[in-house]
Peer 1: 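Sending over a structure as structure tokens; questions will come in a sec.
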Number of protein chains: 4
Amino acid sequence: MADDQPESGLGRITAFSDGIFAVAMTLLVLSIAVPDLGSAQTDANLQARLVDTIPSILGFVISFVVVGVYWLSHRRLFQSAHDYDRATLYTNLLFLMTICFVPFPTGVLAHYPELTTAVVFYAASMAFAGVTLALLWWVADVRPAHAIERRRVGRYYVVRALGTSLVFVTSIPVALVSVSAARYSWLAIPVFFVIISRIFGRDVLREVT
Amino acid sequence: MADDQPESGLGRITAFSDGIFAVAMTLLVLSIAVPDLGSAQTDANLQARLVDTIPSILGFVISFVVVGVYWLSHRRLFQSAHDYDRATLYTNLLFLMTICFVPFPTGVLAHYPELTTAVVFYAASMAFAGVTLALLWWVADVRPAHAIERRRVGRYYVVRALGTSLVFVTSIPVALVSVSAARYSWLAIPVFFVIISRIFGRDVLREVT
Amino acid sequence: MADDQPESGLGRITAFSDGIFAVAMTLLVLSIAVPDLGSAQTDANLQARLVDTIPSILGFVISFVVVGVYWLSHRRLFQSAHDYDRATLYTNLLFLMTICFVPFPTGVLAHYPELTTAVVFYAASMAFAGVTLALLWWVADVRPAHAIERRRVGRYYVVRALGTSLVFVTSIPVALVSVSAARYSWLAIPVFFVIISRIFGRDVLREVT
Amino acid sequence: MADDQPESGLGRITAFSDGIFAVAMTLLVLSIAVPDLGSAQTDANLQARLVDTIPSILGFVISFVVVGVYWLSHRRLFQSAHDYDRATLYTNLLFLMTICFVPFPTGVLAHYPELTTAVVFYAASMAFAGVTLALLWWVADVRPAHAIERRRVGRYYVVRALGTSLVFVTSIPVALVSVSAARYSWLAIPVFFVIISRIFGRDVLREVT
């Protein structure tokens, strides 16, 4: 850090964003409650109770993976950013708010994995975060004038974020019929990633993570 | 990081401050408690309980936005700082303490949104943080001799922080009459931002976030 | 941060990883519950209850030390990394997920230190994290072509991570016989470190932490 | 970050340490429990309960200030460090463990501010952290050969950390007589800082924070 530019503005945005991501992802573990065995402190009881936490653990894993993939996208966005404006700053704060919120729907899903309402609330929250990420890519990268090649990378990430949201939104009507089918439908997200990579082609794929 | 200057003192102050901000803003989500359905684990019950968490969610949003705007101000302060002294270091620690404290009044407001005491306690805490931020700007930026143009930016942020505090302080007598009116009055903060931007004029506005 | 390279991709990976490590290690303290004295708020009662927290405190210390040593290994990996690919990024996320998970088995062990199930669950979780760390070293450092000297450092860390896991896996059958013997067996980890340092020899030892 | 030195080892130590400090200091707020009003959700009741949290808030403030001052010392240590060895790395981890631990004794003190045991446990924990900080200064700065001027700065910080511990240790016998006298005695710490600054003289004072 040279004396004439003591603090890169962009550097602090990414450091602050990384901090938010790191804390939000680590707080997810708090949604897995340590079983309270009461007076029956036996191995058989603890084993049964640990088996009961499997849905919570799966919820932790799903949220961690989705937020982790959002982080990869966010990292890629600011890696190519050379400048930013006020709209980017405020949209970034909005996006980070949706990330900070994730531990709450994850906790609801961990407590009530069999209730349609919990699955719908979780899917809606994750979809909202995805739409906000797409908006951030649009505001920070697609909107300003760029070379055509750059624009294709930006569009790839907009489509990827919107597609992730679409999978979550689609799982909402599914959840009204079958809660477990809705949860399994989220596995379509990585499949979707592969499909859009094929559509966007080799030259974009080389630039994305 | 060159060998002859292995660690920028300023860099660690901002990294540490960003960490405090990131953790405090993410901990806000813990003020939204996962509903305990007890034995009535039905969708209707969970829906009703999630509706009950709306005041908590609004409290999370308000605190996140206010602290986020304080972070933008803090970022701007150290972006232009080329040097710092002991008074700045200690005032910064004092300010960060008020930021770390925010999850507590937010939790109180989330639990008792209809009680005047909770609204007053929340408003007083946020006002205190704003006054401390104004003090930090004064100590770190306005107090040392600077070019006149720089001083105008510093004064803008001092006025903005004091103005935010003023809105919160004003909401305290309002809360004695109507709790919800007091909460709505906080929406005056962004309006206030627009007004002082007009007063300070175009040349300052170009430099602030 | 020069204008033509505003953000080092590697820099954000390590900053994000450090954030995850820092939060996960600090959250470990939450596994030590503040004793609830109920109505018997006497010094004798609090002293007895604080003595009861000793197993929790030991669990905190063990997890902190193991995760801290994993961090030293992670730091060393990215210190020598000049480049990284998609496989490294995703393996790193997987490893960080196992680190974020650690507070949960630590909490289970803290609550039920005398139950075989808690010790087995803890040992299995820590072993899984170690295997993932070995995988990360293999993917990021050993797999790409390197000079022979570099490869020896990479192999040292792979063996060290797998060895740590082996100690935890070995403690699982021990726990079926004696819970406390299993916990004491974890003290073999630093002994194991010394042994492999001797095997790998002086030239590697100079490069590792 | 140049290509031939992609990651400063020292940079990651300070970033990781700052993260630990930031999380530990923010977690302190969790020791202030949101009052549970039960069925008596009145303003009078909430006011009374908030008054009851004053000892918790004071505990938060004391821990925040002490850990904040320890952070200033840690920042100063690595600011002047040009190199580090294995002993420094491990001593730093030990010191960070004592920092991560602070929320626990703070929580105990917040719950039972009138019990001698809580005050003694808190004072002993803080004293242990101070001794570890002195050890870290000795290992990382005083022990290696340095110019005489540098050594005086190192000795200043060793004495300051040991002195802070001494105030906490002295408060332990005081607590056996009077709990509140013991807590007030901690106010001697800033007085002690002024005294040793006078003893070490103007040239050292110019270099410390």
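Values in this document were obtained by computation on a predicted structure and should not be read as measured data. Every chain is numbered from 1 and lettered A, B, ... according to where its sequence line falls, protein lines coming before strand lines.
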Peer 1: Main chain of B/Ala182, side chain of B/Ser171: is a donor-acceptor contact present, judged purely on distance under 3.5 Å?
Peer 2: no
Peer 1: Where does A/Ala22 contact chain B at under 4.5 Å (heavy atoms): side chain, backbone, both or neither?
Peer 2: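 For A/Ala22, neither part sits under 4.5 Å from chain B.
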Peer 1: Specify which of B/Val61, B/Leu28, B/Leu30 makes the most heavy-atom pairs with chain A at under 4.5 Å.
Peer 2: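 Looking at each option in turn, the highest pair count goes to B/Val61.
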Peer 1: Is it the backbone or the side chain of B/Ala33 that comes under 4.5 Å from a heavy atom of chain A, or both, or neither?
Peer 2: backbone
Peer 1: Please flag which part of B/Phe64 lies under 4.5 Å from any non-hydrogen atom of chain A: side chain, backbone, both or neither.
Peer 2: side chain
Peer 1: Identify which part of B/Leu37 has an atom lying under 4.5 Å from any heavy atom of chain A, answering side chain, backbone, both or neither.
Peer 2: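 Contact with chain A involves both backbone and side-chain atoms of B/Leu37.
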Peer 1: Are there residues of residues 93-108 of chain B whose heavy atoms fall under 4.5 Å of chain A's heavy atoms? If so, which?
Peer 2: none
Peer 1: Run the side chain to side chain contact (heavy atoms under 4.5 Å, CB included) check on B/His74 and B/Asn92 step by step: do they pass?
Peer 2: CA-CA 9 Å; B/His74 188 273; B/Asn92 190 45; 2.9 Å; yes
Peer 1: Write out, in numerical order, the residues from residues 42-55 of chain B with a heavy atom short of 4.5 Å from a heavy atom in chain A.
Peer 2: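 Residues in range: B/Thr42, B/Asp43, B/Leu46, B/Gln47, B/Leu50, B/Thr53.
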Peer 1: Could you tell me the separation between the CG atom of B/Leu27 and the CG atom of A/Leu27, rounded to the nearest 0.5 Å?
Peer 2: 6.0 Å
Peer 1: Would you mind reporting whether A/Phe16 and A/Ile13 have side-chain heavy atoms less than 4.5 Å apart?
Peer 2: no
Peer 1: Hey, could you give me the CD1/CZ distance between A/Ile196 and A/Arg160, rounded to the nearest 0.5 Å?
Peer 2: 6.5 Å
Peer 1: Taking atom CG of B/Leu109 and atom CE of B/Met126, what is their separation to the nearest 0.5 Å?
Peer 2: 10.0 Å
Peer 1: Who are the side-chain hydrogen bond (donor to acceptor under 3.5 Å, both in side chains) partners of B/Ser165, not counting sequence neighbours?
Peer 2: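 B/Ser165: no side-chain hydrogen bond (donor to acceptor under 3.5 Å, both in side chains) contacts found.
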Peer 1: Side chain, backbone, both or neither: which part of A/Phe121 has an atom under 4.5 Å from a heavy atom of chain B?
Peer 2: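 Answer is side chain: those atoms of A/Phe121 sit under 4.5 Å from chain B.
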Peer 1: Pick from A/Tyr70, A/Phe78, A/Trp137: which one makes a ring pair (Phe, Tyr, Trp, His ring centres under 6.0 Å) with A/Tyr157?
Peer 2: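 Passing option: A/Trp137.
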Peer 1: For chain A, which candidate among B/Pro35, B/Ala15, B/Gly19 shows the most heavy-atom pairs at distances under 4.5 Å?
Peer 2: B/Pro35
Peer 1: If you draw a 6.0 Å radius around CZ in B/Phe128, do more than 12 non-hydrogen atoms from other residues or ligands fall strictly inside?
Peer 2: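 Counting neighbours around CZ of B/Phe128, 12 or fewer heavy atoms of other residues, nucleotides or ligands fall under 6.0 Å, so no.
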Peer 1: Using a 4.5 Å cut-off on heavy atoms from C-beta on, say whether the side chain of B/Phe200 contacts that of B/Val153.
Peer 2: no
Peer 1: Rounded to the nearest 0.5 Å, what's the gap from OG on A/Ser180 to CD on A/Glu114? Could you check?
Peer 2: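 Between atom OG of A/Ser180 and atom CD of A/Glu114 there are 7.5 Å.
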Peer 1: Evaluate the side chain to side chain contact (heavy atoms under 4.5 Å, CB included) criterion for residues A/Ser185 and A/Thr170: first the C-alpha distance (whole Å), next the side-chain angles of each, then the deciding distance (0.1 Å), finally the verdict.
Peer 2: CA-CA 9 Å; A/Ser185 75; A/Thr170 308; over 6 Å; no
Peer 1: Among all residues two or more places apart in sequence or in another chain, which pass the side chain to side chain contact (heavy atoms under 4.5 Å, CB included) test with B/Ile62?
Peer 2: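 Here the qualifying residues are B/Val66, B/Tyr122, B/Trp186.
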Peer 1: Name the option with the most non-hydrogen atom pairs under 4.5 Å to chain B; the candidates are A/Thr116, A/Ile20, A/Val120, A/Leu115.
Peer 2: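 Heavy-atom pairs under 4.5 Å are most numerous for A/Leu115.
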